Amino acid sequence: MAADSSQYLDVLNPEQREAVLHRGNPLLILAGAGSGKTRVITTKIAWLIRECGVDAASILAVTFTNKAAREMAARARLIDERSDRAMLRTFHSFGAWFLRRYGSRAGLEPGFTIYDDDDAAALTTTLMPGAPQAEVKQTARRISRAKDYFLSPDDPGLDAIDHRASFRAIYRAYEEKLAAIGNVDFGDLIKKPVEILRGDAEIARRFHERFRVFLVDEYQDSNVAQFELLKALYGEGAYLCVVGDDDQSIYRFRGAEVRNILEFPGRFPGVDIIRLERNYRSVAPILRLASAVVDHNRGRLGKNLRAERGTGKLPTLVFLADQEAEAVFAAKLIENSLAAGEGTARYTDWAILYRTHAQSLGLETEFLRRRIPYRIVGSLKFYEREEIKDALALLAFMLNPRDEIAFRRVVNKPARGVGGATVERIITEAFAITGAARDDAAGFLPPEIPRAASPAGDLAAAAKRLLPALTAKARAGLGTFLAAIEAGMEELTGAEASAGNDGGTDGNDSNGDSAKKVPRGKRGGGTRKAAASGLRSGEGLSRCLVTLVSRAGIAEHYAARDEIEGDSRIGNLQELVNGASLYPDSREGLAEFLEHIELDRSLEEGEAGGNGNAVTFITLHNTKGLEFRRVIMTGVEQGIFPREDKKDDDLEEERRLFYVGVTRAMDELYLTSCAMRRMYGRAMPMEPSLFLREAGRENLRVLGETPYGFGRAAGGNPAFRAGAPGGGRAAGSGRAGKASSDGKWKTGERLYHDDYGYGAIIRIDESEDGPVISARFDTGKEIRFLSESQSRRFTKIGEDF
DNA sequence: TAGTTTTAAGTTTTT
DNA sequence: CTTAAAACTA
């Protein structure tokens with residue numbers, strides 16, 4: 001551990017060493033895949049502390065994922081323990097840290113919770129009543145994008161995202177509502193700190209003094225707002241070093257701006273550039289394949305990766321019949337390698353890569369059947385489960401009684417007679433308090449409602465006020481809900497009497513008070529009700545969660561489902577409860593728990609089976625920064641990878657994603673491409689990916705039945721289109737019916753549909769969403785459908801069928 | 001309103 | 001095929 005010498009620098013190559021020892025001007029490190037950039041950053045942190053007298057606490061290192069942050073912290077600590085005091089975070093986690101301390105400058109209380117994309121969409125729904133779900137989703141996405149680009153509702157630049165005045169109006173309303181609720185979304189975690197730093201010279205000064213060194217990893221995937229944050233934090237004489245690779249920029253869809261790295265030299269004065277082009281990870285043929293493909297991109301800085309490891313096995317391309325065959329191939333390949341290999345061969349050497357999470361399903365089935373251990377990286381599924389979202393909504397509402405989204409989700413779950421009308425009434429009442437609270441300043445508020453107990457928008461307080469005015473059924477149901485929330489509050493140590501506690505005696509009996517008298521750590525199991533639901537509470541926050549979920553009836557609601565489903569849902573809730581036991585049972589602990597869940601969902605799922613020796617299943621995006629001895633990249637088919645609608649810049653991004661995937665492999669790389677794939681439960685013929693042709697035959701060893709058109713002289717022809725489904729014009733001769741504007745349909749043509757059977761087109765209309773096809777089926781049923789979205793389901797069978 | 005049945009829609013990629 | 005929304009019935 002290089003205790004007293006500078007041995008730790010000896011392992012570096014000349015460029016790496018230059019990068020580590022660099023000081024002064026801002027530095028851009030262009031680090032190719034596998035060129036040791038993590039080593040450079042961690043070594044640099046240690047070197048600054050040891051050799052330059054830099055205080056570790058004045059270093060801020062920003063990474064892209066929590067996992068990378070943890071790994072970097074561990075590696076820096078190995079070189080010098082003092083690196084522990086450096087701040088190593090993701091941009092978003094830094095933003096949350098900032099806002100918990102200085103958010104009050106933007107009207108935030110420290111107990112805010114973070115809305116994920118689903119919550120943001122739910123909030124948008126309340127602003128667009130009656131709008132189709134797809135439109136709401138699109139609007140929510142655009143709002144999120146606007147924040148990535150640091151655009152506020154009144155910014156002229158917003159036109160580039162959506163030029164409609166209606167969009168601005170909804171965005172503005174969204175911001176107002178979010179502010180009224182008192183929460184933030186992901187974009188706010190970056191945008192608000194910038195606004196605070198810009199608006200408050202004193203805070204800015206404090207940060208400029210505190211942080212003297214900035215290190216940014218994966219800089220090619222930073223967005224405009226993150227760049228602004230960096231600029232706002234950066235003070236006179238500080239040191240800035242960013243590391244990235246323009247060929248690995250794969251988050252454009254999320255607002256990542258490659259220009260951040262391409263134009264970095266122009267944005268800061270006197271930037272120095274160091275290139276790391278020696279690749280220590282992959283054997284030469286793998287690197288050649290990667291370069292051959294990414295070379296087809298325009299607009300890149302360009303670099304020359306050299307394979308320090310020398311030559312090795314040629315990557316193998318395997319053509320297969322369908323995804324079942326693909327799963328079998330992957331499983332057998334791994335089994336064989338372990339059987340043939342010495343005792344050193346391990347499942348962990350292997351990773352299976354895919355473009356979308358959905359593709360993991362077929363692989364899982366096969367691996368379970370063969371009892372091959374695997375783990376899935378980065379699947380969000382756990383936190384997307386209904387029961388988990390319900391439990392989290394209860395916690396979030398407890399922390400922030402203004403959380404309308406959480407309230408809507410759980411107030412009537414399970415159904416307890418609190419319908420839509422009642423919910424709207426409560427929300428209106430709560431927001432009416434906004435006005436009342438202003439009146440309060442003038443002394444108009446009835447004295448029996450203390451100001452502190454009913455801050456504007458407090459839904460719990462509003463609900464309580466409305467109780468007497470409701471029907472007996474609604475009153476009882478709402479009472480249960482409020483009692484559950486209060487019971488949960490009772491479980492928090494130091495929970496003072498707040499909004500709820502003046503009313504119902506309900507929360508003040510038995511276990512709330514008595515529990516507090518029991519010393520921490522000596523408490524027994526859950527309450528009686530909890531026992532009935534089968535949930536066991538442990539330490540800390542878990543008691544509160546169990547109480548909440550049990551009293552609210554959520555646990556029983558799911559336990560009452562059929563045995564298999566109920567067991568699994570209760571099991572999931574139990575897992576969440578176990579997680580909560582690691583946090584203190586205070587409001588701070590609760591906020592921390594929720595923040596951790598929002599910002600770091602990198603749970604690993606699957607059958608890893610204890611010792612951690614398992615094959616890795618992972619999306620291409622999630623592999624960033626990782627490496628594996630042996631990689632199988634699946635689904636290398638046109639339409640899957642690249643996705644069908646990709647062209648121009650988006651296609652280039654897919655190509656970079658291919659490059660990222662390929663360069664994860666150290667020793668062996670396999671690519672699989674299926675002739676047929678089941679999508680949406682239907683068999684679809686597939687063609688090999690464009691990238692395979694770009695890779696060049698000489699860079700691949702090909703196995704399996706080569707599809708027509710593959711491997712011929714390229715010449716830019718659409719060779720892969722042979723036998724393509726669904727495209728082209730309506731077949732056939734015969735009567736000339738009226739054709740649709742997209743050329744796919746004409747009247748008189750016969751159709752087949754899985755549910756409706758056989759029928760014929762009787763009419764074609766043109767709408768702004770494209771052609772609308774009307775068909776009468778042999779059952780007598782008439783159906784109208786949009787050509788654009790439905791053409792997959794209605795199959796043409798020709799007129800004389 | 002609640003619960004059930006029918007019908008449409010969906011799959012990027014992630015902090 | 002799976003899940004979400006809409007339509008319908010009690």
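A quick note: this is a predicted structure, and the numbers were derived from the prediction, not measured. Within every chain, numbering begins at 1; the chains are lettered A, B, ... in the order of the sequence lines, protein sequences first and strands thereafter.
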>> Using a 4.0 Å heavy-atom cut-off, does A/Phe91 contact any base of the nucleic acid, only the sugar-phosphate backbone, or nothing at all?
In response: nothing

> Counting side-chain heavy atoms from C-beta on, which of B/dT1, B/dT14, B/dG10 comes nearest to A/Tyr680?
Replying inline: B/dG10

> What is the distance, rounded to the nearest whole Å, between atom CD of A/Glu637 and atom C1' of B/dT12?
Replying inline: 15 Å

>> By the 4.0 Å heavy-atom rule, please label A/Glu653 as base, sugar-phosphate, or nothing.
In response: nothing

>> Closer than 4.0 angstrom, basic N to acidic O: yes or no for A/Lys191 and A/Glu228?
In response: no

> Nearest nucleotide by nearest heavy atom, which residue falls closer to the 5' end of DNA chain B, A/Phe64 or A/Arg416?
Replying inline: A/Arg416

> Taking atom P of B/dT11 as reference, at what distance in whole Å does atom CD of A/Gln138 sit?
Replying inline: 13 Å

>> Distance check needed: B/dA9 C1' versus A/Met679 CE, whole Å only.
In response: 14 Å

> Where the side chain of A/Ala415 is defined as all heavy atoms beyond and including C-beta, which of B/dT1, B/dT15, B/dG3 is the nearest nucleotide?
Replying inline: B/dG3

> Thinking salt bridges, do A/Arg678 and A/Glu324 make one under a 4.0 Å N-O criterion?
Replying inline: no

>> My understanding is that a pair needs two contacts under 3.5 Å, Watson-Crick or G-U wobble. By that rule, which nucleotide pairs with B/dA2?
In response: C/dT9

> Can you check the A/Phe641 CZ to B/dT13 C1' distance for me, whole Å?
Replying inline: 11 Å

>> In whole Å, I'd like the distance from the CG atom of A/Asp148 to the P atom of B/dT15.
In response: 13 Å

> Which nucleotide sits closest to the side chain of A/Asn412: B/dA2, B/dT14, B/dT11?
Replying inline: B/dA2

> Is A/Asp650 touching bases, backbone alone, or none of the nucleic acid, heavy atoms closer than 4.0 Å?
Replying inline: nothing

>> Can you tell me the base-pairing partner of B/dT7? Count Watson-Crick or G-U wobble geometry only, both distances below 3.5 Å, and say none if there is no partner.
In response: C/dA4

> Checking all strands, does A/Phe785 fall into the base, sugar-phosphate, or nothing category for heavy-atom contacts under 4.0 angstrom?
Replying inline: nothing

> To the nearest Å, how far apart are A/His357 NE2 and B/dG10 C1'?
Replying inline: 16 Å

>> In whole Å, measure the gap between the C1' atoms of C/dA6 and B/dT11 for me.
In response: 22 Å

>> Heavy atoms from C-beta onward define the side chain here; which of B/dT15, B/dT14, B/dG10 lies closest to that of A/Asp117?
In response: B/dT15

> Of the nucleotides B/dT14, B/dT11, B/dG10, which one has an atom closest to the side chain of A/Tyr251?
Replying inline: B/dT14

>> Donor-acceptor pair, distance only, cut-off 3.5 Å: does the side chain of A/Gln359 make one with the backbone of A/Thr356?
In response: yes

> Of all the choices, B/dT15, C/dA5, B/dT11, which nucleotide is nearest to the side chain of A/Gln133 once you look at every atom?
Replying inline: C/dA5

> If we require ring centres under 5.5 Å and near-parallel planes under 30°, does A/Phe253 stack on B/dT12?
Replying inline: no

> If you look at every strand shown and take non-hydrogen atoms under 4.0 Å, does A/Asn622 touch a base, only sugar-phosphate, or nothing?
Replying inline: sugar-phosphate

> Considering only B/dG10, B/dT12, B/dT15, which nucleotide approaches the side chain of A/Arg254 most closely?
Replying inline: B/dT15

> Is any side-chain nitrogen or oxygen of A/Thr65 closer than 4.0 Å to OP1 or OP2 of B/dT15?
Replying inline: no

>> Check this one for me: any side-chain N or O of A/His92 less than 4.0 Å away from OP1 or OP2 of B/dT14?
In response: no

> Is there a donor-acceptor pair closer than 3.5 Å between any side-chain N or O of A/Ser93 and the backbone N or O of A/Arg89?
Replying inline: no

>> Here's a test of your reading of the structure: between A/Val418 and A/Phe186, which maps to the more 5' nucleotide of DNA chain B?
In response: A/Val418

> If you look at every heavy atom in A/Asn183 and A/Asp403, which pair is closest and at what distance?
Replying inline: ND2-OD2, 3.2 Å

>> Classify A/Ala358 by what it touches in the nucleic acid, base, sugar-phosphate, or nothing, heavy-atom distance under 4.0 Å.
In response: base

> Expressed as a whole number of Å, how far does the P atom of C/dA5 sit from that of B/dT12?
Replying inline: 15 Å

>> Could you identify the nucleotide paired to B/dT13, looking across every strand shown and requiring Watson-Crick or G-U wobble geometry with both distances under 3.5 Å?
In response: none

> Which part of the nucleic acid does A/Gly417 contact within heavy-atom distance under 4.0 Å: base, sugar-phosphate only, or nothing?
Replying inline: sugar-phosphate

>> Quick check: A/Tyr102 with A/Trp97 (ring centres under 6.0 Å apart)?
In response: no

>> Can you identify which nucleotide, out of B/dT15, B/dT14, B/dT1, has its nearest atom closest to the A/Ala421 side chain?
In response: B/dT1

> For A/Leu620, which of A/Val660, A/Leu657, A/Ile250 qualifies under side chain to side chain contact (heavy atoms under 4.5 Å, CB included)?
Replying inline: A/Leu657

> In whole Å, what is the span from the CZ atom of A/Arg385 to the P atom of C/dA4?
Replying inline: 12 Å

> Please give, in whole Å, the distance from B/dT15 C1' to A/Lys67 NZ?
Replying inline: 15 Å

